[in-house]
Structure formats: C-alpha cells, structure tokens
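First comes the structure, then the notes that go with it.
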Amino acid sequence: MKITIIGAGPGGYEAAIMAAKLGAEVTVVEKNVVGGTCLNIGCVPTKALLASADVLVTSLEAAKFGVLNDHTTAELKQIIERKDKLVAGLVKGIEFLFESNGVNLVRGSGKLIDSKTVEVQQSDGGVEKLVSDKILLATGSVPICPEMFGYDGKKVITSTEALALTTPPKSMIVVGGGVIGCELGQFFSRLGTRITIVEMADQILSTEDKSVAKQLLRQLKREKIKVLTAIGVAEVNVQDSGVVVTLTNGEILDAEMMLLSMGRSSYSKGLNLEGVGIKADHKGHIVVDQSLETSVKGIYAVGDLINTPFLAHVAAKEGIIAAENMLGKNKAGVHKAIPRCVYTDPQVAAVGITEKEAQQRGIIYKTGSFDFRALRKAQIIGKIQGQIKILVDENDVVIGASIVGPEATDLLAELTMAVHLGLTAEILGDVIHPHPTLSEAIMEALHDVCGKSINKVEGTL
Ligand code: FAD
C-alpha cells in the first residue's frame with residue numbers, strides 16, 4: 001500500500017510513522033519544517049518560554065525557601081536561543097524517526113491533482129508527481145487575522161512573531177483572552193511588558209468553568225495585567241510609535257505592539273480541494289466521516305484541518321486512527337475525553353463537560369471539590385492557589401473535571417482516564433494515592449463527591 005501525506009505536523013508525522021510500522025510505503029510532503037505548528041511555532045516553543053518564566057518566578061521567590069539569590073534577571077534573547085535549540089533538536093528527532101521507519105520526506109508544497117495523485121512544487125523549483133493508493137491531508141491551521149486589525153508582523157503580530165521577539169516590548173495589547181492570549185500575555189508581563197488583554201466574552205478562557213477562569217483572572221490581576229472582558233475592538237490605528245485601539249465602549253488603548261490571539265482557521269490554501277471534489281464546511285474545515293475519510297474515497301483528513309478541537313494531541317491521535325483506517329482497520333475518529341490544558345501560572349486543565357454544559361444539557365450531576373490550600377504538598381512547594389472540581393452523573397460516573405493550580409496539566413491525566421473509561425468516583429477514589437503529592441487533591445475531591453471527605457475544610461479558604 002502506497003500512502004502520501006501532505007503536512008508533517010503532529011497529525012501528519014504520527015500518521016506517517018504508524019502507517020510505515022503497519023507496512024505501508026509512505027511519503028510525506030512538507031513545505032516548511034517537520035513538526036508543524038506544534039513543534040515550531042506552537043506548543044513546544046510557548047511552553048519553553050513559560051518554563052523560563054517559571055524559573056524566573058521561582059528564583060525571585062527563592063528567599064521564601066531560605067535560598068538567597070539577589071541578582072535575578074531574565075534575558076529574552078537567551079530565552080529564545082534556548083527555545084530555538086530545543087526545537088531544532090526535536091525537529092531532528094522527527095527526521096530521524098522518519099529515516100529509521102523508512103518514511104520518505106519530500107520538501108515542497110503539495111497539491112491534489114486527483115484522488116490518487118499529489119503534485120509537489122519543490123523548494124528548488126522542481127515539480128514531482130506522487131501517485132499512491134491513499135492520501136492523508138494534514139495541513140493544519142493559521143492564525144485568524146481580520147483585515148481591520150492591520151496585521152503587519154511587526155507592530156501587529158500573531159503568536160508566530162511573538163515567539164521570535166528578542167526584546168520584550170514596553171507594552172502590548174493582547175486581543176483575545178483564550179489559551180494563547182493568556183499564556184503569552186502572562187509570559188511577556190513577567191518579562192516587564194505592560195499587558196492589556198481584551199476579550200469579547202464575559203470571561204477569559206470562555207469555554208472553561210467560571211470559577212476556574214476567575215482564579216486565573218485573580219492571578220493575572222495580581223501581576224498587574226489589565227483584563228477587559230465583554231468588550232470588542234472597534235478600530236485599530238497603526239502608527240510609527242505603536243498601535244492605538246478604540247474599544248467598542250469608546251475607551252482608547254495604546255501600546256508598542258498588539259498581539260492577535262483570536263483563534264485559528266483550517267489551512268487548505270493551494271490544496272485544490274474543489275478541483276477534486278472534497279467538501280468543506282462554511283468555516284473551511286474539511287468534512288470527514290467517523291473513519292476520518294473525506295467526501296472523496298481514499299482521501300483522509302486530520303488535525304486542525306477538520307472540525308475537532310485544534311490541539312496537538314487530537315491531531316496526533318487522529319493521525320494514528322487515519323493511518324490504521326487507511327490500512328484496513330475500522331477505528332472511530334471521535335473521542336469523548338479530550339484534555340484541554342492552559343500552561344499559565346496557575347495552570348488550568350479540564351476534561352469532559354463543565355457544570356455550565358451539564359446544566360444546559362439537562363444532565364443530573366453532583367460535584368465534589370478540594371482546594372490546594374488544604375493540601376500538604378501544595379504547602380510544601382508553596383503553590384497553594386487553586387482547586388480541583390469533579391462532576392459525576394446520577395450513576396456516580398465521572399463526566400467532567402476542572403483543575404486550576406500547580407501541575408494541573410499533568411494531574412489531569414488521571415481524570416481523563418476516568419472520563420474515557422467511564423469510571424465512578426467511588427472506584428477511582430478508592431485508589432491509594434502517594435503522600436505527599438498533588439495527586440491527593442484528586443482523591444480528596446473524589447471523596448468529596450461521595451460525601452466521604454476527611455480533609456476538606458468547609459467554607460471559602
Ligand atoms: P500543523 O501542526 O499546523 O502542521 C501542518 C503542517 O502542514 C505544517 O508543517 C505546514 O507547513 C504543512 N503544510 C501546510 N500546507 C502544506 C502544503 N500544501 N504542502 C506541504 N505542507 C503543507 N496544542 C496543544 O495540544 N497543546 C498546546 O500547548 C498548544 N499550544 C499552542 C500554542 C500556540 C502558540 C499555537 C499556535 C498552537 C498551539 N497548539 C497547542 C495547537 C497545536 O499546535 C495544533 O493543534 C497542532 O499543531 C495541529 O497539528 P496538525 O498536524 O493538524 O497541523
């Protein structure tokens with residue numbers, strides 16, 4: 001079986017390696033660098049920057065732990081150099097995996113000619129035609145930049161340019177208080193940039209639990225980040241000195257730079273979808289069935305290109321499922337337990353449904369919670385802000401969980417498994433959790449759902 005994959009982000013490269021392991025002859029077409037958005041301008045670089053900011057904060061708070069360290073400063077140029085080195089190493093890692101699994105990498109831009117043929121416009125000007133049995137589209141997404149915002153990549157930027165700045169701007173307006181806006185806003189604030197976040201919804205992280213978003217908001221405000229919610233941008237003027245923004249309530253903001261973090265849209269430019277009859281919805285997502293096959297038999301699509309959450313772990317999982325299905329298996333592409341993570345400080349992580357969603361859907365539910373403040377490990381490491389909240393249905397099955405607090409994104413794995421496997425709070429709460437660890441907060445919240453909490457302190461802490 002011959003398979004051609006267009007795009008080497010997490011969707012494309014995981015599919016390539018899985019298909020090769022299953023015995024297919026695989027060619028990947030990539031017009032840029034392998035690893036895609038996630039590795040080069042997304043998950044990995046943002047988290048590398050945030051890791052540096054974490055070290056900065058820990059260092060500034062060192063005296064509280066009895067460690068004296070008087071000369072802490074952060075140099076963005078060196079932070080970026082560390083990030084670039086890390087990314088370059090990981091890119092090499094994927095190239096090595098391709099080589100060792102016999103995946104052929106063609107550098108250039110891919111275009112569909114028919115249901116079996118991809119034409120590649122190679123970086124050196126050459127053109128190559130690849131004929132295969134099956135094709136996978138994994139070309140990802142690009143930032144949404146409406147024209148009125150005047151994106152120029154210099155004063156009005158997206159996350160892509162923000163991740164390459166070597167000097168922190170004096171001030172920055174962040175349009176969009178979602179995951180990327182909050183992560184990068186807090187990062188630049190910690191490096192000394194005066195940040196204003198403007199969010200249209202009535203809370204930051206608009207799809208997450210209200211109380212969780214409130215905890216993050218409290219921390220952002222503590223760090224002197226100005227957060228404006230339920231407000232839009234009416235007008236943008238890019239001037240020599242910076243950017244002047246008029247808000248929908250008439251308020252005027254000015255800053256050296258403006259970061260657009262209003263979401264991303266599927267990227268299929270140049271693929272010739274219409275030419276081969278592949279259907280897309282009104283937002284440009286390619287339409288796929290349960291098996292991730294498009295409206296054209298033999299052509300599959302995954303990741304940010306389709307209407308599933310724009311997340312690297314979703315793209316990777318879909319890549320693997322598509323590879324298996326292209327090779328004759330019959331796996332379903334949709335999962336109910338998709339973890340959602342925000343790597344701010346405190347971190348935010350959630351899975352399954354939120355309380356608001358349960359109410360909207362008329363689901364009978366119960367909640368249990370536990371504050372990190374009451375947990376010994378949280379006190380030991382000096383990170384006591386936050387809470388775990390767990391939702392169960394009328395049969396005690398865990399249907400959702402939200403965590404705000406230290407290592408929330410790692411802690412979420414256990415609750416993701418519970419939602420995925422349909423475990424009850426009773427069964428999971430019965431598991432012995434090691435002491436002293438942050439994971440005990442999960443156990444305590446589970447005990448709280450069952451009305452058996454020993455360590456919960458009632459009332460607001
Ligand atoms: P992509 O990773 O976008 O890869 C698509 C690839 O296709 C690219 O390499 C592109 O060059 C190539 N391509 C496009 N068109 C063609 C063509 N015609 N021919 C050849 N090649 C082509 N997700 C998380 O889960 N966790 C996070 O912490 C996280 N942080 C993020 C932070 C930022 C700042 C951003 C922007 C995104 C973040 N994401 C995160 C989202 C994540 O990066 C994406 O969901 C993921 O990369 C999607 O994978 P993909 O394979 O669908 O597409």
Side-chain angles (χ1 to χ4, degrees), residues 4-16 27-51 83 87 91 94 105-112 118-123 128 130 135-145 157-164 174 176 178-185 187 259-273 285-286 292 300-320 322 338-344 347-349 409 412:
T4 299
I5 297 174
I6 309 182
Y13 79 70
E14 297 251 354
T27 300
V28 175
V29 182
E30 171 56 58
K31 68 174 180 177
N32 224 312
V33 186
V34 301
T37 302
C38 169
L39 183 45
N40 296 286
I41 48 169
C43 329
V44 175
T46 43
K47 272 81 248 181
L49 265 51
L50 292 169
K83 178 266 290 181
V87 169
V91 165
I94 295 177
L105 176 62
V106 175
R107 293 185 192 273
S109 192
K111 175 184 171 185
L112 294 166
V118 172
E119 183 183 274
V120 186
Q121 186 73 50
Q122 287 168 342
S123 323
E128 187 179 351
L130 302 166
I135 294 171
L136 175 65
L137 306 176
T139 51
S141 62
V142 286
I144 294 175
C145 300
I157 61 173
T158 67
S159 54
T160 306
E161 293 83 19
L163 290 168
V174 177
V179 179
I180 295 174
C182 288
E183 287 182 356
L184 288 176
F187 171 74
L259 170 67
L260 304 181
S261 50
M262 295 177 286
R264 297 176 66 86
S265 56
S266 297
Y267 180 74
S268 57
K269 200 171 158 195
L271 279 181
N272 187 29
L273 297 183
H285 307 119
I286 289 184
L292 301 173
Y300 291 69
V302 295
D304 286 6
L305 200 49
I306 66 172
N307 191 15
T308 48
F310 282 22
L311 291 166
H313 41 273
V314 173
K317 183 72 187 173
E318 289 170 350
I320 289 169
I338 295 178
R340 313 183 293 274
C341 297
V342 191
Y343 297 78
T344 43
Q347 293 186 353
V348 173
T409 55
L412 189 71

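Atoms within each ligand, like the ligands themselves, are counted from 1 in listed order. Numbers here are sequence positions counted from 1.
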Review point. Is there a nitrogen or oxygen of E183 sitting under 3.5 Å from a nitrogen or oxygen of ligand 1?
Key: no
Review point. Would you say Y343 has any N or O atom under 3.5 Å from an N or O of ligand 1, going by distance alone?
Key: no
Point to revise | Verdict with reasoning, E318 to Y300, per side chain to side chain contact (heavy atoms under 4.5 Å, CB included) | key: CA-CA 10 Å; E318 289 170 350; Y300 291 69; over 6 Å; no
Check your understanding: At under 4.0 Å between heavy atoms, which part of T46 makes contact with ligand 1: side chain, backbone, both or neither?
Key -> side chain
Check your understanding: Would you call E14-K317 a salt bridge at under 4.0 Å N-O?
Key -> no
Study note, to complete from the structure: In ligand 1, the atoms that come under 4.0 Å of a heavy atom of G108 are 19 (N), 20 (C)
Check your understanding: Is any side-chain heavy atom of T158 less than 4.5 Å from a side-chain heavy atom of C145?
Key -> yes
Practice item. Return the option from V44, V314, T139, I338 holding the heavy atom at the smallest distance from atom 15 (N) of ligand 1. Key: T139
Exercise for review: Given side chain to side chain contact (heavy atoms under 4.5 Å, CB included), test V174 with S261 step by step and report yes or no.
Suggested key: CA-CA 7 Å; V174 177; S261 50; 3.5 Å; yes
Point to revise | Numbered atoms and elements of ligand 1 in range of K47, under 4.0 angstrom, heavy atoms | key: 27 (C), 28 (O), 29 (C), 30 (N)
Review point. How many angstroms lie between NE2 in H285 and CD1 in I306, if you round to the nearest 0.5 Å?
Key: 9.5 Å
Check your understanding: In the protein, what heavy atom is nearest to atom 40 (C) of ligand 1, and what distance, to one decimal place, separates them?
Key -> C43 SG, 3.2 Å
**Study point:** Option whose closest heavy atom lies nearest to atom 49 (O) of ligand 1, chosen from P10, S266, A162
**Key:** P10
Check your understanding: Considering only the protein, which heavy-atom contact is closest to atom 12 (C) of ligand 1, and what is its distance?
Key -> E30 OE1, 3.3 Å
Check your understanding: Would you call N32 and N40 a side-chain contact if the rule is heavy atoms closer than 4.5 Å?
Key -> no
Practice item. Could you say whether the N/O atoms of G42 and ligand 1 ever approach to under 3.5 Å? Key: no
Practice item. Give the residue, atom name and distance (to 0.1 Å) of the protein heavy atom nearest atom 41 (C) of ligand 1. Key: F310 O, 3.7 Å
Point to revise | Atom indices of ligand 1, in the order listed, that fall short of 4.0 Å to a heavy atom of G11 | key: 51 (O)
Check your understanding: Any idea which of G7, G9, G110 brings a heavy atom closest to atom 4 (O) of ligand 1?
Key -> G9
Review point. Got an N/O contact under 3.5 Å between K269 and ligand 1?
Key: no
Revision key, fill the gap. Checking K31, R107, E128 against Q122 for side-chain hydrogen bond (donor to acceptor under 3.5 Å, both in side chains), the one that qualifies is E128
Check your understanding: What part of L311 sits under 4.0 Å from ligand 1 if we count only heavy atoms: the side chain, the backbone, both or neither?
Key -> both
**Study point:** Close-contact set for ligand 1 against G303 heavy atoms, below 4.0 Å
**Key:** 52 (O)
Review point. Does L305 have a non-hydrogen atom less than 4.0 Å from ligand 1?
Key: no
Review point. Numbering the atoms of ligand 1 from 1, which are under 4.0 Å from a heavy atom of S159?
Key: 34 (C), 36 (C)
Revision key, fill the gap. For A138, the atoms of ligand 1 under 4.0 Å from one of its heavy atoms are 5 (C), 6 (C), 7 (O)
Review point. To which of R264, K111, E318, K31 does the heavy atom nearest atom 21 (N) of ligand 1 belong?
Key: K31
Review point. Counting only heavy atoms, which portion of I41 has something under 4.0 Å from ligand 1: side chain, backbone, both, or neither?
Key: backbone
Study note, to complete from the structure: So the atoms of ligand 1 within less than 4.0 Å of a heavy atom of G36 turn out to be 2 (O), 4 (O), 8 (C), 9 (O)
Review point. Counting each atom of ligand 1 from 1 as listed, which ones have a heavy atom of G140 under 4.0 Å away?
Key: 1 (P), 3 (O), 5 (C), 52 (O), 53 (O)
Review point. Got a second to check how far Y343's OH is from I180's CD1, nearest 0.5 Å?
Key: 12.5 Å
Exercise for review: Check the pair D304, T37 against side chain to side chain contact (heavy atoms under 4.5 Å, CB included), reporting the backbone distance first and the verdict last.
Suggested key: CA-CA 10 Å; D304 286 6; T37 302; 5.6 Å; no
Study note, to complete from the structure: The protein heavy atom nearest to atom 47 (O) of ligand 1 is C38 N, 3.2 Å
Study note, to complete from the structure: Residue, atom and distance of the protein heavy atom nearest atom 44 (C) of ligand 1 read D304 OD2, 3.3 Å
Exercise for review: Could you tell me whether T37 approaches ligand 1 through its side chain, its backbone, both or neither, with non-hydrogen atoms closer than 4.0 Å?
Suggested key: both
Check your understanding: G35 to ligand 1: N or O pair under 3.5 Å?
Key -> no
Check your understanding: How does A312 reach ligand 1, if at all, at less than 4.0 Å between non-hydrogen atoms: by side chain, backbone, both, or neither?
Key -> both
**Study point:** Worked check of side chain to side chain contact (heavy atoms under 4.5 Å, CB included) between T4 and V29
**Key:** CA-CA 7 Å; T4 299; V29 182; 4.1 Å; yes
Study note, to complete from the structure: With heavy atoms and a 4.0 Å threshold, my read on which part of P45 contacts ligand 1 is neither
